Amino acid sequence: MEQYDRRPARQVTVPLVRRDSIGASHHVLTFEYDTPLEAQAGQFVMVRGTNWGQSPFLPRPMSLLHGGKRPSILVKVVGEGTRRLANAEPGDLFSVLAPLGRPWSPCSSHRVPILVAGGVGVCPLLFLARTLKQQGIRPVALYGGRSSGDLVLYEELQAESDLRLATEDGSAGVKGKVTALLDEALMEADGRATVYTCGPRAMMASVVAAARKANVPCEVSLETVMACGYGVCLGCAVPRFDGGYVYACSEGACIDGRVIDWKK
Amino acid sequence: MEQYDRRPARQVTVPLVRRDSIGASHHVLTFEYDTPLEAQAGQFVMVRGTNWGQSPFLPRPMSLLHGGKRPSILVKVVGEGTRRLANAEPGDLFSVLAPLGRPWSPCSSHRVPILVAGGVGVCPLLFLARTLKQQGIRPVALYGGRSSGDLVLYEELQAESDLRLATEDGSAGVKGKVTALLDEALMEADGRATVYTCGPRAMMASVVAAARKANVPCEVSLETVMACGYGVCLGCAVPRFDGGYVYACSEGACIDGRVIDWKK
Amino acid sequence: MDLQVKIGELSLSNPVLTASGTFGYGIEFESFFDISRLGGICTKGLSLLPRVGNPPPRIRETASGMLNAIGLANIGVEAFCKDKLPRLRELGATVIPNLYASSVEDFIALAERLDREEGIAAVEVNVSCPNVTKGGLAFGVDPVAAAGVTAAVCKATRFPVWVKLSPEAGRITDVACACEEAGAQALSAINTIRGFAIDTETWRPLLANRTGGLSGPAIKPIAVRMVWEICQAVRIPVIGVGGIASAEDAIEFMLAGASAVQVGSANFRDPMASMTVLEGISAYCERKGLAAKDLIGKVVLD
Amino acid sequence: MDLQVKIGELSLSNPVLTASGTFGYGIEFESFFDISRLGGICTKGLSLLPRVGNPPPRIRETASGMLNAIGLANIGVEAFCKDKLPRLRELGATVIPNLYASSVEDFIALAERLDREEGIAAVEVNVSCPNVTKGGLAFGVDPVAAAGVTAAVCKATRFPVWVKLSPEAGRITDVACACEEAGAQALSAINTIRGFAIDTETWRPLLANRTGGLSGPAIKPIAVRMVWEICQAVRIPVIGVGGIASAEDAIEFMLAGASAVQVGSANFRDPMASMTVLEGISAYCERKGLAAKDLIGKVVLD
Ligand SMILES: Cc1cc2nc3c(=O)[nH]c(=O)nc-3n(C[C@H](O)[C@H](O)[C@H](O)COP(=O)(O)OP(=O)(O)OC[C@H]3O[C@@H](n4cnc5c(N)ncnc54)[C@H](O)[C@@H]3O)c2cc1C
Ligand SMILES: Cc1cc2nc3c(=O)[nH]c(=O)nc-3n(C[C@H](O)[C@H](O)[C@H](O)COP(=O)(O)OP(=O)(O)OC[C@H]3O[C@@H](n4cnc5c(N)ncnc54)[C@H](O)[C@@H]3O)c2cc1C
Ligand SMILES: Cc1cc2nc3c(=O)[nH]c(=O)nc-3n(C[C@H](O)[C@H](O)[C@H](O)COP(=O)(O)O)c2cc1C
Ligand SMILES: Cc1cc2nc3c(=O)[nH]c(=O)nc-3n(C[C@H](O)[C@H](O)[C@H](O)COP(=O)(O)O)c2cc1C
Ligand code: FES
Ligand code: FES
């Protein structure tokens, strides 16, 4: 199962050193490590404020934008935990467990990486684009959202990729779903693509279906509720095509899209 | 029971506008009201951060240093709730229920008010000293603590009173307990004193006993655990001399010291 | 907005009540809001004679909740009828006296005394107080004893009888069914769950009574589960209580099957809590285009 | 620091264990700390055959706690013995397999299978899982059934048998006494308490299994109370579990009578949680000049 070189996760208490707020609901948080966090694209952290007291009880899973001395995450506010993260100030301390999960598989050199992002699903893909760039590969990136406001960090992604946007209201890029862009990109790649996708479940399901039709590999990054993030609570089960379950935190987050039962 | 003119308490959401930290463990918090808080010396607030989430569950009782447009409290950090109060930043919002409790009784004009404070028990007494000053009365104030660091806000109290200090380690004022100063002050007043006291239970018990011996009235401000602060949880019971209980939030906080069973 | 709900033959203007022991005798809230706006007020538990209650400390905060061992301190039924009820009537409140006794005879006497009064919507029989040495829990964990008290009170009063159930019965549905058969018009669930806390420095219990009842958001999932189970077992209305602090909490109980809810410990943290819940339910129903009663039992199980 | 405690004839290096279902098979923690430092490791519940567990969502956070309905997903006893136990032995861990079955026969088969292995300190019989349709709770709420399972397992193995009790028995002390008489060497208390949570937008249960077990700091006061009650009722050691997240929490259980404790959900929020608890107890004992066993049952009641 584990063909990649996984570094053991470390639990550290680190300060927030920067909060860059992009509108009210999106915030890039940057932490400062003593010894660099060696993480690979597609890996995530479990993060919890040391001042959260007894509630929220659990840490929150967040994809890494990059590792290093100052790793960062992008937080979208959807509930109490993300609200607390968004309200944090530089200097506040956080427990961070990282790096976690299976990273993206490498893209073989004779294939074009196509990155398909929906909303905050952009995070692990931005990390991937940065990694590919270091390898001298410039991926195609497709990024969709309801409107232009959802396309956070698109400039950062653009710097690393041939980026194409889609919005449902047409406020940026083509009007429609990001999956429409995918058919075109797959055509261009002419059977020599590898697709990487992260976003809403329905979007990922279509992406996996399109990749299957084009007969190219497709990895997805799973999002589920998680209690532990490191394989012991068994809470992050995702239905598998054969009736069993995969565990998103340990067998994922990044996993072959065909393994998942997308109808469940 | 209620001979004083009590304003109904109001529940408001107000911002913190100032936090003055006196060392690591004492913090004066000032809130900003739209319409002034009409409070009397000896009254208190129940205060809770709107961002505390589900835990700590309850608000915390805190004596008012004064009312008005910008009422303030002094918080000593002893646990989770006071720690959160101490970490608050200007702009943070708080639910405040005030004014609560029975204030100090007025001091009759032919008596000398003697204020006996221990530790953060100084708060309701500082408010009292300020009120007396407005009435042209300069009280005697006795203020004790373990060491000089415990005597927070003593300059403020000094401005309004003839202040005498006592510390157990002798680092400020006379060496010993504040109750030693009381005998002297009672002697000076020659039977025409009214004593007001707030501090640790053992201290208040001695003060009440000394006042009784000198045959002068003595009011105490009760400190107990409180859930509601306005008379409905019945959690703040304090044993009464006759076997029943008084409720610190509604029959106190300020109450005739002889009503309390100090042996319990 | 149609917020009306029915508890047996009794019609309440809305499903938001306040829980016994967390709202005093109701009059304490006069200066905070118009208490006639509440669906109903369950009073502090009343006994035949006044009770001073347990020695302090009586309360202790815990993670997302609190322990209490008040010991049913109350002014007694006589003082309630004389000093509180007339004012509650004047204010137009919907009053549900909560009754506590340590024997069936005393329960009967209490019910008979209240039966002589006007302006009472129902009585709530507390067979589930964990903080008294006699009665209380003993009735609530035994279906036969609970039914006995229920039948006796029903006979002693013309008012509808609600029974407040204990979460500590091994099978709460057995007690629920027994009370239904004995004539209860509605069931309130749940009372607090006994807990214990010890000071690790002094090694002493943090409550003088040693154990106390746990309430607050901490117990909400347990309370919702029990309400759901009871609703499947009985046909009479169930009133949900346990950890309600927001409209969403209340709606969760109603979806699970509760016909109404009681706001308890949340009143301590905010005297306006019950109004916040009421306004939230009203806004929710408006947004969804629903009447409050359309929520009852509508959890989707597939 | 003398941290040693005895659970029957078994001596543990210290009183801090990890709770079943919250520590995997132990090996997952190898990279976090030296797992031989733990007083013991209760494994994820093992069944005769592997189980895939319940459909998702399986977990949900609640106020100061969480609901889970994992459904005893596990690799089965055979794979445990083959793939996990040898490594646990190598690492020097004190291993307590946690057993789940839906019939007495299967419990016996499980115990017999483990009896063929070395490196097992005790077995913990789970008669209290709330998230499976058969077995689980049915055994745990009935003293006779619980005693039956206990006696059968005791007969099938040479290892000490611990029984993990359910908080949902009406009288947990009755079940405790029945298990003691049937031969249990120790009792673990408590398992999770069933709760229910509903999404107020979709009206669906938040867990696919509908109900789930509540754990975490929210339930700590209830767990301490039950441990205290059980300790008064039995003479065998009791192992406290429920909401422990700090050394103070653990000490509270020990003062209430627990001879050892298990750290559960707190492992999820911090894989080092059990070590933090252990180091805290050690520091506390050092400061007080006490051995860990001196804390057991020392709550001051007067
Ligand atoms: C591997 C992984 C990587 C993630 N990366 C990011 C990221 O980079 N940026 C980001 O903003 N979010 C990310 N998420 C989602 C994020 O973890 C959740 O939004 C967060 O946990 C919600 O916490 P809350 O307390 O604010 O919301 P809650 O109050 O717990 O819930 C609010 C809503 O969010 C849903 N929700 C809760 N937890 C999750 C979850 N784990 N996944 C999906 N939905 C959830 C709930 O069902 C509910 O509808 C990631 C999740 C996973 C599993
Ligand atoms: C009428 C009144 C006025 C008060 N005025 C002030 C004030 O002006 N400044 C100030 O710093 N404090 C004041 N207090 C005390 C303050 O309310 C408590 O220190 C605070 O509630 C503790 O909260 P916590 O969460 O930090 O501590 P917790 O974690 O709840 O407890 C920490 C320790 O403090 C004790 N404690 C908890 N609540 C109280 C309480 N209400 N009274 C006494 N001890 C308690 C606990 O038993 C425990 O030992 C006042 C209390 C009352 C009743
Ligand atoms: C301080 C306090 C006193 C209570 N007194 C009573 C009582 O007298 N009679 C009763 O039936 N329930 C009493 N209860 C239980 C509540 O009515 C309610 O059932 C319980 O607290 C759970 O609801 P909550 O979590 O919303 O508080 C009391 C609860 C508290 C916290
Ligand atoms: C996700 C999860 C899985 C659990 N699985 C088991 C199990 O397999 N067997 C068992 O006896 N207890 C199981 N438990 C119960 C715990 O061992 C423990 O008794 C309970 O969670 C209370 O402790 P806590 O509050 O510290 O978590 C599980 C608990 C959780 C949260
Ligand atoms: S999140 Fe705990 S096992 Fe995956
Ligand atoms: S604090 Fe609630 S009655 Fe006094």
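Just so you know, these numbers come straight off a predicted model, no measurement behind them.
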Could you please state which residues from residues 49-61 of chain A sit under 4.5 angstrom from chain B, measuring non-hydrogen atom to non-hydrogen atom, sorted by number, or 'none'?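 Counting heavy atoms that sit under 4.5 Å from chain B, the residues of residues 49-61 of chain A involved are A:Asn51, A:Trp52, A:Gly53, A:Gln54, A:Ser55.
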
What residues of residues 70-94 of chain A sit under 4.5 Å from chain B when you count only heavy atoms?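 Within residues 70-94 of chain A, near chain B: A:Glu80, A:Arg83, A:Arg84.
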
Do any pairs count as a salt bridge (Lys or Arg N to Asp or Glu O under 4.0 Å) and have a residue in residues 120-129 of chain A, sequence neighbours left out, and if so which ones?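 Of all non-adjacent pairs touching residues 120-129 of chain A, none passes salt bridge (Lys or Arg N to Asp or Glu O under 4.0 Å).
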
For A:Ala237, what residues pass the side chain to side chain contact (heavy atoms under 4.5 Å, CB included) criterion, not counting sequence neighbours?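 If we apply the side chain to side chain contact (heavy atoms under 4.5 Å, CB included) test to A:Ala237, skipping adjacent residues, the hits are A:Tyr245, A:Tyr247, D:Arg58.
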
